[in-house]
Structures are given as structure tokens and as C-alpha cells.
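Along the sequence shown, the residues carry numbers beginning at 1.
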Amino acid sequence: MESSDHNAELVDEHRSQIIQRVTMVMPIADKLLAEGMIHKEVYSNISAARTDQDKMRELFKALHSGGNKVKSAFLSMLRENEPNLLQDLEFHIKQGDQRENKSTISLKYKELIRGEYATVQEYNSLPGEDVKLDDRYTEPLIIQKHRQQREREEEIRSRGQDFHQVMGQRDSEAYKSTKVERLFDPDEHGDIQRTVILQGHSGTGKSFTTQKIMSDWAFGRIYKDRFDFVFHLRCKELNQATGRKSLMDLLNYNQSSSSMINQVLRQSPERVLFLVDGFDELKFSLDVPKDSLPREPWTQCSPEVTLSGLIRKQILHESFLLVTTRSTALDKLKEVVKPPVRYAEIVGFSEEGMKDYFVKFFKQKQHSQQAYDSVRENETLFTACIIPVICWIICTVYREQFDEGKEMIQSLETTASIFVYFVGTLLRHHCQDLGQSALTILQGLGKLAEKGMEEQQVLFDHDSVSQTESDPSKVPFLCKFLQKKGVSQTTMYSFMHLSFQEFFTALSYVLLGDEEAQEKVRELLSKVRHGQANHHLLPIVQFLFGILNKEVAKRLKEEHISCSQGIWNQLKHFILEVIEKGKEDQIVRRTMQLFTFHCLYELHADDFAKEAMKTYTDINMSGSPLKKTDCWVLMYCLQHCKSIECLELSGCNLTAENMKILLPALQKCKALVLQVDGLADDDIDDLLTALGEGKSLELDLRKNNFSDEKVQDLLVSLAKHKPRKVQIGVKSITSNTSDKFMFLISKVHGVLDLIKLHGCGNVALSVQLQKDGVRAPQIFLWLKVPEMKIICDSIRTSGYSLTGVKLRVWRASDEDNQRAFLYPTDNFRLTLHIDGPLRSGVGRQGLQSALGNIELSLNGDDVFDWRRILQLHQTLKYKPEWDEHADELISLLHSQTSLVGIDLLVSSLTERCAASVVSLSQACPNLMTIMGVQPTILSVSVFTYLFQCYCSTHDSSILFLS
């Protein structure tokens, strides 16, 4: 029997509905009066009221004063007199209880999920060492477009920054890139697909993504308004299920909530999402006859039948489904999933995703930046880091070094060691029921990889793969995809990237018997020796050296893989042979030297490194761009050199950071050719300390911006050496700098050939110094005019004369007096540029100017209005036709008695142009040479005109080159 309190609450809660809907008011009032529950006065008020609603309002006054007992009696009478009304009220009450129940269950379930999915275990986690999911998860790159064969090959073959540029193109609307939260959004046709297949290669983060979906849903970050419940089914766990199981059993929820979950699945399946994670890991087949599939979530069948019913949408066909799988198992999934289906692919990390991962992994920003920068400089690892597992391995190795207080790069793992870690991780954690030993799988992969390298092939058809792997779908290192071929489809395979194919090729040689291994390596090295046609095989050789590394060999031994001593002897002989050949053959040196150093670094055998490097006295890396990793490799090799007579590092794109890596080697060498860009003032002290004293130097520091004080320090320090060529970038200079400049010249007078100061001026001066008839250094100054005057004055007061003077002017201000600081000098060449150093009169926007650069040869002290010439010259900018401005410019030169030669860069030699130039030759008595250069062919009429003028000219020699 229901309590009077509960009945009273019901009456109060639904007061408004009762007032509006009760029509049998007076019969109920009669009974309440008869039972003494209302007074006659109240009864009279009820009776006097005009409408049923007013009568009920008077009655409710009595119910309120009468308490719960009267309200309970009223409800009983209402049930007798208004049965339909009470039935409606009780239905809504029941619905409300259910909603409250559902909400309570949902909140409790979300709380459970938040706790369960808050942390993850890493591959090397000890008990209790869980990591927060949000500290590791980084959003992957997901695309929905199937790529063509050409696009697949482009991804597989490109490396380093080129590779990430390609993948950056994939992260675009053209490839339908998307986010996890948008997987169930309407497509371009406005349709919502209830089934999504999320495929990806091993280690790309599919399982991590499903865990993140669960966590984010529970915290209300995604799918908040779309799904009331999200359930996670791990196929690896479903493999352990035995007996007969319903979907409810597989969900594995306790009995107290199972009835409520059951009700939710029955009443609103469209508000439910199922995540089926790791379809490729299922040990059982879902190929079940359709008529044996269950229709209800509580029907018990074998686990494979129940799961098949869910994926085929026989159970809860209105629910939503997300299935993750490796690409190798996609064709099996397609056979059982019910269309329509949305296909998406986790490609891995974008370049931005990689950065985010490193930032999240390391607690200190400095460590994350150092680790990321190091990887970015290693082309192979930078490419491989698109795979999240590779990122985890690298970050884990670096973190261990940071924790031990090591200098990270000095303990940098070799590239081969990272790949060996990766292979071991996938074999232990990403392989289920292989059906064959890991060794057999690696041997098959090696054969396939070797065949592809021989044929320069990165895509393989099914028949080729089946010859080496009995069940390719279970091999975690292969990728599988469909390609259209005519009116049909074909299945293709590839390695995750070409670098993995190269690694597995190298590993395959180690897996062979000693005799066969040596024969394979002998063939490989023979091909590599035969020129650049086989340079695509060099990474295999480098990986072989890395595999023979003592520490890597130990790890391989744990996988029951041992390395052949015979292979080691062959590689040792090969590298020594390359070193010797490089000393005689410049092409071999240029193409193989850095490769040789990388091989020695990968091997990391100090005794052999000393043996290989002992013959080096001169090391010339000029013209070979060096990344940070290259610098550490070079430093490792140089530290094993007995002595370094000369080290050449010009045109290597060295930065301040890379230079610091090489400082110990700079101390060691006797002669140094060095070019470094982007140095700060603080870096100069480190450089000067490393240089020491007494070195033969060629120093190119022009692409820097040193302060006046640091330039002085540098000039004083260079006086302790034997500098031959010096170029320095400066912000500005003072008279003190000028004094130090002349101090250096006087100290190294017989050694120094060239010294250049590069600033931000609009005038460039080149002069050859002489003193007492003896030739001194050539000086090149690109400075502001006042600064240039300071230097020139110091030169003259030091007793030097200026010869071979060349002055180039781009722009001029009114206060500039370029001519003044050149005296005393008898002759010089003045070049006026139309805007900047332009090529063949072509302007910056590709427009030609009628008259490009003008070069004047002057002899004597005649002063002329060169500013007006420069001004007129600027008006010709981008004017392709010779006009009155060009004529006026030439006429300004007519009175210049000091003019002995002129070079004109013209875009088109017309008769008007020729006439103007010929008039100049006739007006200037000392003019000996006029040279015109233009890119077009002379017309017959112009040629005839010039020839006639030349024949009639006796005072000048006119030469036009066309």
C-alpha cells in the first residue's frame, strides 16, 4: 500500500494538471464531506464556484489545511472518479523516475570511465607507474581520401623536411582531413554514417585514440549532445571470452546497472556509440551465417557470433559504431561491416603534432626543444617520427639521458638503435597469434625489402608479398591498401617508409648464415663502389654499420639474432678503401666522405674510428651543408684524428649552435677555413678561445651583425694568427675599430690577401693597398659613407696608397660625398646600379630597364655631378624603351674629361641608343672604351650604323657585345 506521504507529494506535484483536468469535482467533495474530511462551509464555497477549475481551487484550500491524510484520501477518490487522468499522471511519474534513473546511471558510468581512462601504461611502465593520458595523447593526422599510387610513392620515398612538406599537403581539405570529434558529422551530401572504420599502420595511435574518445566523452569534451553512452570493446580482451555471451555480457557491467543499460539500449539505441578497438587482433572469424546472428543485445551466443551481430548491425542497427584496424586487416573487415560506411585513416603525427608530443612528454621546455631539434636534424628519424611509437622511443631514450644529467647529443642513440627498439616493441606488443616465429617474419620481411631495393621498388603486389610472408595481414611492419586498376581493384603492400625497407634489407643479411651473409654483403658493396647509379643502396650500408654497433648487437642477441664477424671484416675493409680513394679522387671525397663519417658514428667503435681517421690530415667539408646531426657525427670522427693539418668548413651552412659542437675540433687543427652565419656577440668569445693562436685562417663571418666592440676584439685576436682571407659582418664602426683594422693589416702585412667589412651601406668600395711600392691586402668595404671615410682616412695616415679603386653606388643621400674620401687617387671605376645588383637589366618584378648598370672608368681629379646621373638613372627603372631620360643621362657625361671608359648594360640596342652612345664617344676626348652589353640580337640596320660610326671614329675604340 502506498504511503499517505507519497500520495500527498503526488497531489502537490501535479496540482496544476489536477485543477485543469478534473471534472467530477462535486462527487469527490460529497464523499470528503460525508467522511468528515472537509467542513460544510468549505463545501459551500466549492459548490458556489462557477467553473470546475474554480471549484478545484477551493477544494485544494481544504486539502492543504487537511494535511497528508486528506490528500491521500483525495487521491483514492480521484482514482475512482477520474481513472484516465490518474493513469496519465502515473505514466509521467514513471517516465520521470526512469529519466532520473538513466541520468544517475549515466553520471555514475561517466565517473567510472573518467577514473579508468585517466591514465595509461607505457610499454616500459613498472607497477604503479601509470602516466596521465592527457600528458601523452597528441591529436593525430586523420584523412578520408584514398591516395593514388603516385601519392603513396611520394610519401614513402620523400625524407626529412620534404617528407613533412608532403604530409602537410595531406592535412588539407583536398584530402578531407578531419578530427576525431567530426567523425560522425554529416558528409558532403548531408548524410550521417553510423559506421566509421578508422584504419592505420601499427604504432600510429589507433588504440590511444579510442581511449581518448572514452575519456573526452566522459568529461563532456566531445559527443556531449550526440551520445548518452559510449562503450569500449577491446578485441584483444574479447579473444579471452569463452562460452555463450550476449552483448550485455561482453560489455561486462555489474548487475545493479545492467537492467538500466538494457533499457537504454532498447529505448534509445541511436544515442549509443560502440568502439570496437583492434579488429586486426581478433583470433576468431566473424564470417557467420546471417540467419544465425542475434537480434537483441541480451541474446547469448558464442562471442564471435555476438560481435558479428553488432558489427553487421543486426543488433541495435540504429546505434553508432567505430571500428579501428590495421590496414592489413581492412579487407576482412569490409566483408562483415554493413554499409554505408565512412572510411578514415590515421596517418600518424603531423609535424605540428610531433612538436606537441615532445612538449607534452618532457617536463622542462628546454629538454623538449633540445630533443626535438636533435631529431629534426636527423633526416631518417625526423621522417620516422610520424609514427607515434617512434616518438615515444626517442623521447624515452632522451629523458633517461636528461635524468642522468648527460649532455643529450653526446649520448645520442644511433639511427639503427632506434629502429631496433621499434622492431622489438612491435614484436612484443603489437603481434597477436603470429603463427610463426619472429625470426621467420623478419627473414621474410628482409627478402621482400631486399628485392624492392634491387629493383628500386617500394610498392608490392599480393603475390610478391605472399612469396616471403605466409600471412601478410598479421605482419605489423607492412601497410596494405587498395588501388584502382582499370575497372577493377588490386591489393598493394609497402613498408611504413623507404627507411624501414632499407633497415630490413640490412637486417636480412645479418639473419643469414655466415657464408651466405658475406656473399650478399660482398655483392652490395661491389654495387656501391660503382658510382652514383647505386647510391640509393648507401643507407643499407649505413644501417649495417649501425646493426654491428656493440650495444645494438646486444639488443639483437636478446631477439636471438647474432651478427657475423665476416660481415664486420668486409665493412671494415670497405670503409678504409673509401677513405683512401677519397684522398685521390675529389668526386669520391665529395660524395662519400660524410657518408663514411656517418658509418663510423653508427658503428661507434672507438678503436676502429682511430684506425680509419689516422690517415686524415686535411679534411675538406666545404660545399657540403651540415645539419646538427652531421656536426656531431663529424665531431665524433675528428676527435679520433691524430692531428688535423687543415679543416675546411666553407659553404656548410654552419650556424652558431652547430659551430659550438665543432669547437673542440677547431682547437685541434693548424689551418682553418671557416664560414659561420648567425653568430651573436656572445658567440665570438667561444670562437676566439677555440681558435687559440698561430693558425692559418680563412674566416667568413660576413652574414653576421657584430657590435663595434666585438669587431675590435676579433681584429685584435686575428693579429695573433696568420689570416689569409677575412670577412666580417658589422653593425657599425668607430675610429677605434678603424685603428684595430689598420693594426691587423700592419701585423699580417705579408700574409693577408683580402679583408672585407660588410655593413648595411649603399656604397661598396674595393681597393688594393700599396706601401713603399709593395702590394698590400685587398680591401672590400660595404659600409655607410661616414664609416667608409673613417677607414680610408686611417689607410692614408698609415702610409698606404689606394690603387685599383672600384666604387659601386646603389642609392645616395644629399650628405654623402663619395668622391671626397677617395682622394688622393688618380683613377677608379664607378658603377651606378639602377636599384640593386640586378642581372642583365632585369628588374625585381621581371621588368627590363632600358639602361641597367653603368660602369665608369675615371682618370684624374675631375669632379662631376654623379648624383644627377644616379637620379636620372633611377627614372629609367622598369622602362624598357630608350627615351629622353636616357639621352639626358648620356649627355651629362659629355663634359667629363676624366672619363676614359664606360660599360653600359642595355636591354635593347636601338638606333636611338646607338646614336646617343656614339655622340658620347665624339664628345669625350679621353674616352677610350665604350662597351654595350644586351641580350637581344642586333638588327642589320643597327649593326650597319654602328659599323659606320666605328670606322669613322679615330679617337675612341668602341666595342659592342651582343
Determine, using ring centers only, whether [Y] and [X] are less than 6.0 Å apart.
X: Phe184; Y: Phe320; result: yes
X: Tyr398; Y: His367; result: no
X: Phe543; Y: Phe419; result: yes
X: His232; Y: Tyr117; result: yes

[X]: what forms a side-chain contact (heavy atoms from CB on, under 4.5 Å) with it, not counting sequence neighbours?
X: Ser494; result: Ile156, Leu459, Cys479, Phe481
X: His317; result: Lys313
X: His146; result: none

Okay, side chain of [X], backbone of [Y]: is any donor-acceptor separation there less than 3.5 Å?
X: Arg244; Y: Gln300; answer: yes
X: Ser246; Y: Thr299; answer: no
X: Asp130; Y: Thr119; answer: no
X: Arg312; Y: Leu310; answer: no
X: Asp280; Y: Arg326; answer: yes
X: Lys212; Y: Thr138; answer: no
X: Ser374; Y: Gln370; answer: no

State, with a plain yes or no, whether a side-chain heavy atom of [X] is found less than 4.5 Å away from one of [Y].
X: Pro303; Y: Thr306; answer: no
X: Leu538; Y: His535; answer: yes
X: Leu448; Y: Phe504; answer: no
X: Val458; Y: Arg157; answer: yes
X: Ser368; Y: Val359; answer: yes
X: Val230; Y: Met214; answer: yes
X: Asp135; Y: Phe361; answer: no

Please determine whether side-chain contact (heavy atoms from CB on, under 4.5 Å) holds for the pair Ser319 and Phe274, giving the CA-CA distance in whole Å, both sets of side-chain angles, and the decisive distance to 0.1 Å.
CA-CA 8 Å; Ser319 65; Phe274 292 97; 3.8 Å; yes
Would you compute the distance between atom [atom1] of [X] and atom [atom2] of [Y] and round it to the nearest 0.5 angstrom?
X: Ile386; Y: Ser350; atom1: CD1; atom2: OG; result: 8.5 Å
X: Gln443; Y: Ser437; atom1: CD; atom2: OG; result: 7.0 Å
X: Leu498; Y: Met453; atom1: CG; atom2: CE; result: 5.5 Å
X: Leu445; Y: Phe495; atom1: CG; atom2: CZ; result: 5.0 Å
X: Thr195; Y: Ile311; atom1: OG1; atom2: CD1; result: 9.5 Å
X: Glu379; Y: Thr415; atom1: CD; atom2: OG1; result: 10.5 Å

Would you kindly check if the NZ (Lys) or CZ (Arg) of [X] is within the cone defined by 45 degrees around the ring axis of [Y] and under 6.0 Å from the six-membered ring centre?
X: Lys110; Y: Trp217; answer: yes
X: Arg136; Y: Phe208; answer: no
X: Arg170; Y: Tyr175; answer: yes

Neighbour count above 12 (heavy atom, 6.0 Å) for [X] [atom1]:
X: Glu122; atom1: CD; answer: yes
X: Gln165; atom1: CD; answer: no
X: Glu173; atom1: CD; answer: no

For a side-chain contact (heavy atoms from CB on, under 4.5 Å) check, start with the C-alpha distance between Phe460 and Leu478, then their side-chain angles and the critical distance, and finish with the verdict.
CA-CA 10 Å; Phe460 307 91; Leu478 290 177; over 6 Å; no
Given Ile213 and Leu275, is the side-chain contact (heavy atoms from CB on, under 4.5 Å) satisfied, shown in steps?
CA-CA 9 Å; Ile213 290 173; Leu275 305 178; 3.9 Å; yes
Heavy-atom nearest pair, Leu273 first then Leu321, reads CD1-N, 3.9 Å
Charged N-O contact under 4.0 Å between [X] and [Y]:
X: Asp134; Y: Arg221; answer: yes
X: Glu270; Y: Arg194; answer: no
X: Arg234; Y: Glu281; answer: no
X: Glu469; Y: Lys447; answer: no
X: Glu502; Y: Arg159; answer: yes

List the steps and the verdict of side chain to side chain donor-acceptor pair (under 3.5 Å) for Gln369 and Asp373.
CA-CA 6 Å; Gln369 192 62 49; Asp373 288 345; 2.9 Å; yes
Test side-chain contact (heavy atoms from CB on, under 4.5 Å) applied to Cys301 and Lys245, step by step:
CA-CA 5 Å; Cys301 303; Lys245 304 287 182 184; over 6 Å; no
Parallel, tilted or perpendicular: rings of Tyr109 and Phe231 (30°, 60°):
tilted
If the plane angle is over 60° it's perpendicular, under 30° parallel, otherwise tilted; pick one for Phe500 and Phe422.
tilted
Please lay out, stage by stage, how Ser466 and His462 fare under the test side chain to side chain donor-acceptor pair (under 3.5 Å).
CA-CA 6 Å; Ser466 298; His462 183 76; 3.2 Å; yes
Quick one: side chain to side chain donor-acceptor pair (under 3.5 Å) partners of Glu377, sequence neighbours excluded?
none
For residues 330-349, which side-chain donor-acceptor pairs fall under 3.5 Å, sequence neighbours excluded?
| from | atom 1 | to | atom 2 | distance (Å) |
| --- | --- | --- | --- | --- |
| Asp331 | OD1 | Lys480 | NZ | 3.2 |
| Asp331 | OD2 | Lys480 | NZ | 2.6 |
| Arg342 | NE | Gln144 | OE1 | 3.4 |
| Arg342 | NH1 | Arg182 | O | 3.3 |
| Arg342 | NH1 | Leu183 | O | 2.6 |
| Arg342 | NH1 | Asp185 | O | 3.3 |
| Arg342 | NH2 | Asp185 | O | 2.9 |
| Glu345 | OE1 | Arg147 | NH1 | 2.7 |

Chi angles and distances behind the ring pair (Phe, Tyr, Trp, His ring centres under 6.0 Å) call for Phe163, His497
CA-CA 10 Å; Phe163 171 78; His497 186 264; 5.5 Å; yes
Tell me, which pairs form a side-chain hydrogen bond (donor to acceptor under 3.5 Å, both in side chains) where one or both residues lie in residues 351-362, sequence neighbours left out?
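Qualifying pairs, neighbours excluded: Gln161-Glu351.
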